Colleague: 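Below you'll find the structure I mean.
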Amino acid sequence: MLKIYNTLAREKQTFTPIVAGKASMYVCGMTVYDYCHLGHARVMVVFDMVSRWLRASGLEVTYVRNITDIDDKIIKRANENNETIAQLTQRFIDAMDEDSAKLGVLRPDIEPRATSFVGGMLNMIAVLIEKGFAYAAANGDVYYSVNNFEGYGKLSGKSLEDLRAGERVEVDTFKKDPMDFVLWKAAKPDEPSWESPWGKGRPGWHIECSAMSAHYFGAHFDIHGGGQDLQFPHHENEIAQSEAFNGAAVHSKASHSHDGKPCQMVNYWMHNGFVRVDDEKMSKSLGNFFTIRTVLEKYDAEVVRFFILRAHYRSPLNYSDQHLDDAKVALTRLYTALRGHDVGEPTIDWQHPQAARFKDAMNDDFNTPEALAVLFDLANEVNKTKLAETARLLKSLASVLGLLQRNSDDFLQGEVTETLDVDGLIQARLTAKQSKNFAEADAIRKQLAEAGIVLEDTPQGTTWRRA
RNA sequence: GGCGCGAUAGCAAAGCGGUUAUGCCGCGGCCUGCAAAGCCGUUUAGACCAGUUCGACUCUGGUUCGCGCCUCCA
């Protein structure tokens, strides 16, 4: 039985899909105006892992991850770069695809772009106005009226009163309530815009996700994911929009549909923890972010994936070179255990005690650190017994996490870019050893070590790996 | 100020009311010509103060410290 920590309930709950055997999952993806950083990498890897586990559990998964390709920052950046919005967004969508592919992230089933769903957003806004949840202001903006939605704050645990007391909300004279948020922004000159009943403009950020999830999943779906920072206001606002849209009009049981049942948008809300640098959130506004491609210049992409899955998805994850070095050594241990085992296609006997332990860990709110501990125990077993069957189980279980699927030598040796004749030197060392010329043998080994190559003598001969 | 999360050994990171987490590092041994890898063993824990309990790292309350959200943010 899979249990998921549901942010809405603030507890782990047994996962029961709306439609037996299927799972619908929507994850808030990227706003594409820059390269993805490690925080984005975490979202992609975490929900990739989630979708893989749901599938491994036998569910037919539809995974939707959107792309926000219209927004203030995009417009600003395109102007700065003197390129069109379409050029800018496509450039960074391509970059994102490259980065995520390297991290072993499978493509979501559907990756809708906001600009393709403006019609759906306009419809949603019109219905919200009609039902009394939204109003067009004098400046041409359309706002959502938070006071009219009963459940506002239920996801983030905030009350309107507390939010207002925060006094950090800018006073906007066109809003009826400071907490009201924008559904439709009136266009400024020289900005891209769409025609609407309220004049030219463009959609607010929150309505995009409501419209896109509604398009693919309708009023009700299983899992909605995203980073912790989206809990408020983004996800809170999505709930307000979608549940109001699908429910009855204001003053006639706001958040309930006509048959009296609550029209809940999402059953399970999942939020992954932040990536931190020096115990501070990694973010663009703080400027302390590392892009995925920067990190990949120095570290193997699978090491980064391993590093992310090594921590529980809800825990904070501190980034540092030291931690990545550590992850690299750990992953090397797993690949070393698999070295020399050609195990073929993944197959898992879930009756095997270690497989069962792995499954229990994953079913416990995706406990990947525990699942990885199982892999290390299996590696130890492989090292001791040399059993191909155990090696196969190790590799098969790892495949569920998107790890250890390369040939060991590919990981341990990397691309062959040597100017040194490694094989020749190994052969020369062997000759020296055979004639007991250990000084010569050690000199060769030292020469290779200085080039970053570590030799390992085994009963089957000498192998090498990169330090 | 409001709301929430966390505090585990040198570092990272899980489970668990009583029995080895796991990885890296350190130490001892085996193996090796010597190493490396591997194997065996081993040193370092549970912020602080109370309470519940036969027994608490694990439950409850409080304290301290850290982080996050309340504004764009994955």
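On a predicted model such as this, the values are computed, not experimentally measured, just so you know. Below, read A as the first sequence line, B as the second, and so on, with proteins coming before strands; counting in each chain starts at 1.
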Colleague: Within the modelled atom types, does a donor on one side and an acceptor on the other bring the side chain of D457(A) and the base of A37(B) under 3.5 Å apart?
Modeller: no
Colleague: Any ion pair linking E297(A) and R293(A) (charged N to carboxylate O, less than 4.0 Å)?
Modeller: no
Colleague: I want to know whether Y35(A) and F92(A) have ring centres closer than 6.0 Å.
Modeller: yes
Colleague: What nucleic acid atoms does K436(A) come within less than 4.0 Å of, heavy atoms only: base, sugar-phosphate, or nothing?
Modeller: nothing
Colleague: Using a 4.0 Å heavy-atom cut-off across all strands, classify G273(A) as base, sugar-phosphate, or nothing.
Modeller: base
Colleague: Need one value for L455(A): base, sugar-phosphate or nothing, where a base atom within 4.0 Å counts as base even if backbone is also close, heavy atoms only.
Modeller: base
Colleague: For the side chain of A441(A), starting at C-beta, report the closest nucleotide among C72(B), G33(B), G68(B).
Modeller: G33(B)
Colleague: Pick the C1' atom in A13(B) and in C25(B), then give their distance to the nearest Å.
Modeller: 15 Å
Colleague: Which part of the nucleic acid, if any, lies within reach of M282(A) when heavy atoms closer than 4.0 Å are counted: base, sugar-phosphate only, or nothing?
Modeller: base
Colleague: Using a heavy-atom cut-off of under 4.0 Å over every strand shown, decide if G39(A) touches base, sugar-phosphate, or nothing.
Modeller: base
Colleague: Establish, yes or no, whether a centroid distance under 6.0 Å links the rings of F290(A) and Y319(A).
Modeller: yes
Colleague: Base, sugar-phosphate or nothing for A373(A)? Non-hydrogen atoms, less than 4.0 Å.
Modeller: base
Colleague: Could you tell me how far G55(B) sits from G18(B) if I compare only their C1' atoms? Round to whole Å.
Modeller: 6 Å
Colleague: Looking only at side-chain N and O atoms, does E238(A) offer a donor or acceptor that is under 3.5 Å from a partner on Y26(A)?
Modeller: no
Colleague: For A45(B) versus G15(B), give the span between their C1' atoms, rounded off to a whole number of Å.
Modeller: 15 Å
Colleague: Does C24(B) have its OP1 or OP2 closer than 4.0 Å to a side-chain nitrogen or oxygen of K328(A)?
Modeller: no
Colleague: I'd like to know if the side chain of N363(A) pairs up with that of W53(A) as donor and acceptor (distance under 3.5 Å, no hydrogens or angles considered).
Modeller: yes
Colleague: Check every strand shown and say whether V275(A) touches a base, only sugar-phosphate, or nothing at a heavy-atom separation below 4.0 Å.
Modeller: base
Colleague: Expressed in whole Å, how much space separates the C1' atoms belonging to C49(B) and U43(B)?
Modeller: 29 Å
Colleague: In whole Å, what separates the C1' atom of G62(B) from that of G68(B)?
Modeller: 23 Å
Colleague: Look at the side chain of S283(A) and decide which nucleotide, out of C72(B), C73(B), A14(B), has an atom nearest to it.
Modeller: C73(B)
Colleague: So, OP1 or OP2 of G38(B): does either fall under 4.0 Å of a side-chain N or O from R333(A)?
Modeller: yes
Colleague: Return the nearest nucleotide to the side chain of Q322(A); candidates are C11(B), A13(B), C73(B).
Modeller: C11(B)
Colleague: Does F438(A) reach a base, just sugar-phosphate, or nothing at all? Heavy atoms under 4.0 Å.
Modeller: base
Colleague: With a non-hydrogen cut-off below 4.0 angstrom, is T463(A) in contact with a base, only sugar-phosphate, or nothing?
Modeller: nothing
Colleague: Starting the side chain at C-beta, find the nucleotide from A74(B), A36(B), A13(B) nearest to V454(A).
Modeller: A36(B)
Colleague: How far, in whole Å, is U44(B) from G10(B) if one measures between their C1' atoms?
Modeller: 7 Å
Colleague: Between N380(A) and C40(B), does any side-chain N or O lie under 4.0 Å from OP1 or OP2?
Modeller: yes
Colleague: Can you tell me if the side-chain N/O atoms of T7(A) get under 4.0 Å from OP1 or OP2 in G4(B)?
Modeller: no
Colleague: Atom CZ of R429(A) to atom P of G33(B): distance rounded to whole Å?
Modeller: 11 Å
Colleague: Starting the side chain at C-beta, find the nucleotide from G68(B), A74(B), C34(B) nearest to R445(A).
Modeller: C34(B)
Colleague: Whole-Å distance between C5(B) P and M270(A) CE?
Modeller: 17 Å
Colleague: Between the side chains of D365(A) and Y313(A), does any donor sit under 3.5 Å from an acceptor?
Modeller: yes
Colleague: Write down the distance between NE2 (H234(A)) and P (C73(B)), rounded to a whole number of angstrom.
Modeller: 7 Å
Colleague: Should the pair R314(A) and Y5(A) be classed as cation-pi, given the thresholds of under 6.0 Å to the six-membered ring centre and 45° from the axis?
Modeller: yes
Colleague: Is there a donor in the side chain of S315(A) and an acceptor in the side chain of H312(A), or the other way round, less than 3.5 Å apart?
Modeller: no
Colleague: Report which part of the nucleic acid R65(A) touches: base, sugar-phosphate, or nothing (heavy-atom distance under 4.0 Å, all strands).
Modeller: nothing
Colleague: Would you please confirm or rule out a distance under 4.0 Å between OP1 or OP2 of A14(B) and any side-chain N or O of N367(A)?
Modeller: no
Colleague: Consider the side chain of E456(A), meaning its heavy atoms from C-beta on, and name the nucleotide among C34(B), A37(B), G68(B) that approaches it most closely.
Modeller: A37(B)
Colleague: Is it the case that the base of C39(B) and the side chain of K384(A) share a donor-acceptor contact (distance under 3.5 Å, atom types as modelled)?
Modeller: no
Colleague: Can you tell me which nucleotide in A12(B), A14(B), G23(B) comes closest to the side chain of A330(A)?
Modeller: G23(B)
Colleague: Check this for me: does any side-chain nitrogen of one of D48(A) and R52(A) sit under 4.0 Å from a carboxylate oxygen of the other?
Modeller: yes
Colleague: May I ask you to evaluate whether K281(A) reaches the phosphate of C69(B), defined as a side-chain N or O under 4.0 Å from OP1 or OP2?
Modeller: yes
Colleague: Check this for me: does the side-chain of D279(A) come within 3.5 Å of the base of G66(B) through a donor and an acceptor?
Modeller: no
Colleague: Tell whether R310(A) reaches the base of A13(B) with its side chain through a donor-acceptor pair below 3.5 angstrom.
Modeller: no
Colleague: Base, sugar-phosphate or nothing for D72(A)? Non-hydrogen atoms, less than 4.0 Å.
Modeller: nothing
Colleague: Give a yes/no on whether any side-chain N or O of W464(A) is located under 4.0 angstrom from OP1 or OP2 of A36(B).
Modeller: no
Colleague: Take atom P in U52(B) and the same atom in C11(B), then report the distance between them in whole Å.
Modeller: 34 Å
Colleague: Between C72(B) atom C1' and H37(A) atom NE2, what is the distance in whole Å?
Modeller: 12 Å
Colleague: Of the options C70(B), C39(B), G33(B), whose atoms approach the side-chain atoms of K158(A) most closely?
Modeller: C70(B)
Colleague: U20(B) and C57(B): how far apart are their C1' atoms, nearest whole angstrom?
Modeller: 16 Å
Colleague: Quick one: label R276(A) by what it contacts on the DNA or RNA (base, sugar-phosphate, nothing), any heavy atom closer than 4.0 Å.
Modeller: sugar-phosphate
Colleague: May I ask you to say what E370(A) touches in the nucleic acid, namely base, sugar-phosphate or nothing, with a heavy-atom cut-off under 4.0 Å?
Modeller: base
Colleague: Of all the choices, A12(B), C39(B), C73(B), which nucleotide is nearest to the side chain of N383(A) once you look at every atom?
Modeller: C39(B)
Colleague: Under 4.0 angstrom, heavy atoms only, what part of the nucleic acid is S285(A) near: base, sugar-phosphate, or nothing?
Modeller: base
